[in-house]
> 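There's a structure below that I have some questions on.
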Amino acid sequence: MQMQSTPRIATTPVQVQVQSTMVSIPDQLSLKKPLEEVLDGSTDSYAVVVKELQTNKSYAADEHHKFTAASLYKLWVMAVVYEQLEQGKLTESDVLKKDVVDLHKTFNIATESAEKKSGTVTLSVANALSRMIMLSDNYAAWLLTDKVGLKAINVWLKEHGFADSSFGSEKTLPSTTASDVSLFFEKLADGELGSQESTDAMLDLLTRQQLNGKIPKYLPSSVDIAHKTGELGKYSHDAGIIYAPQGDYILVVLSESASRIGADARIGRISEAVYEYFEDQ
């Protein structure tokens, strides 16, 4: 993936499905200028989607550009686990146990660069879900993925219309787009990814997120945010639902950057600019 010489924020059509026919509509939120100001001077790659949930008005830039998903794939794992909990294939009290080296082999992780070198990871399904979402714990995610199966996750992505996303394989990393991540949160908010009980549980986990250095960083502490971060190498992402006094909205920012610290800061400033835009409406 090539780095760009100018900020990758430009108004592009939003694709919506109407009676199985893809049509284009113009962006409806005037966010191009404030976001370009945030990204002024950046040579990195950013994709942004903003969607106001009450009105369905939206803004999108490079929303179909594919990025390595980093830890955003944990959103899919969470949804599949809750689906299997509803189906009775799992219970929250089920205990998952796996040797660390076996997990590394299964997910093609180099042991010398891994967080753990040896031993056994043992977690209940409930604890693994909490650690995977709230702390972005990789071993919890690998335990759950090993339990539900890679095939089940890829089938779930296809069934739910996440056409730009793939969990990958033993040799390829999960990938996604800002469009698909936004669609995930829209479907979650609409209760399309599970029962009301499962929907509430997933949103509760996301709202209790402990990694809050991006989207929430410059927002009032009183604002609830159900979100998930992702970091891997040159990739830094954050996405979720902001429950703002002026109305709930989805914000997705995916980035590929020469400086992850710089990208984290810009994601925070993008979030601030979007929040202020809605405050002024």
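What's counted below: heavy atoms across the whole structure, side chains too, no hydrogens, waters or symmetry copies. Positions are given from 1 along the sequence.
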> Spell out, yes or no, whether L205 and L85 are grouped together once hydrophobic residues are joined by side-chain heavy atoms under 4.5 Å, including indirect joins.
yes
> Does S93 form a side chain to side chain donor-acceptor pair (under 3.5 Å) with T91? I'd like the steps, not just the answer.
CA-CA 5 Å; S93 60; T91 70; 3.2 Å; yes
> What about the rings of W142 and Y139, do their centers lie closer together than 6.0 Å?
yes
> Are the side chains of L90 and V148 in contact, using a 4.5 Å heavy-atom criterion?
yes
> If the test is side chain to side chain donor-acceptor pair (under 3.5 Å), which one of Q209, H227, K217, K214 qualifies with D238?
H227
> Using a strict cut-off of less than 4.0 Å between a Lys/Arg side-chain nitrogen and an Asp/Glu carboxylate oxygen, indicate whether R208 and D204 qualify as a salt bridge.
yes
> For the residue pair L211 and L135, what are the closest heavy atoms and their distance?
CD1-O, 3.9 Å
> For S182 and E63, run side chain to side chain donor-acceptor pair (under 3.5 Å): C-alpha distance rounded to whole Å, both residues' side-chain angles, the deciding distance at 0.1 Å, then the answer.
CA-CA 9 Å; S182 175; E63 71 271 30; over 6 Å; no
> Are Y218 and I267 joined in one hydrophobic group, where the rule is that I, L, V, M, F, W and Y side chains link up if heavy atoms are under 4.5 Å apart?
no
> So does E186 get a backbone contact from the side chain of E192, meaning a donor-acceptor N/O pair under 3.5 Å?
no
> So that I can tick it off, tell me whether R269 and E272 are bridged by a salt bridge, with the cut-off set at under 4.0 angstrom between side-chain N and carboxylate O.
yes
> Do the side chains of V253 and V223 join up, straight or via other hydrophobic residues, at under 4.5 Å, putting them in one cluster?
yes
> Membership question, hydrophobic clusters at under 4.5 Å side-chain separation (ILVMFWY): are L232 and I109 in the same one?
no
> Taking the side chain as every heavy atom from C-beta outward, state whether S71 and N138 have any atom pair closer than 4.5 Å.
yes
> Could you walk me through whether D224 and T207 satisfy the side chain to side chain donor-acceptor pair (under 3.5 Å) test, starting with their C-alpha distance in whole Å, then the side-chain angles of each, then the deciding distance to 0.1 Å, before giving a yes or no?
CA-CA 7 Å; D224 287 330; T207 304; over 6 Å; no
> Quick one: do R260 and E231 make a salt bridge, cutoff under 4.0 Å?
no
> What is the distance from atom CZ of F67 to atom CG of L72, rounded to the nearest 0.5 Å?
11.0 Å
> Report whether V121 and V101 are members of the same hydrophobic cluster (ILVMFWY, side-chain heavy atoms less than 4.5 Å apart, transitive linking).
no
> Can I270 and L39 be said to form a side-chain contact (heavy atoms from CB on, under 4.5 Å), step by step?
CA-CA 8 Å; I270 287 172; L39 293 174; 4.3 Å; yes
> Quick one: are E256 and D44 in side-chain contact, heavy atoms under 4.5 Å?
no
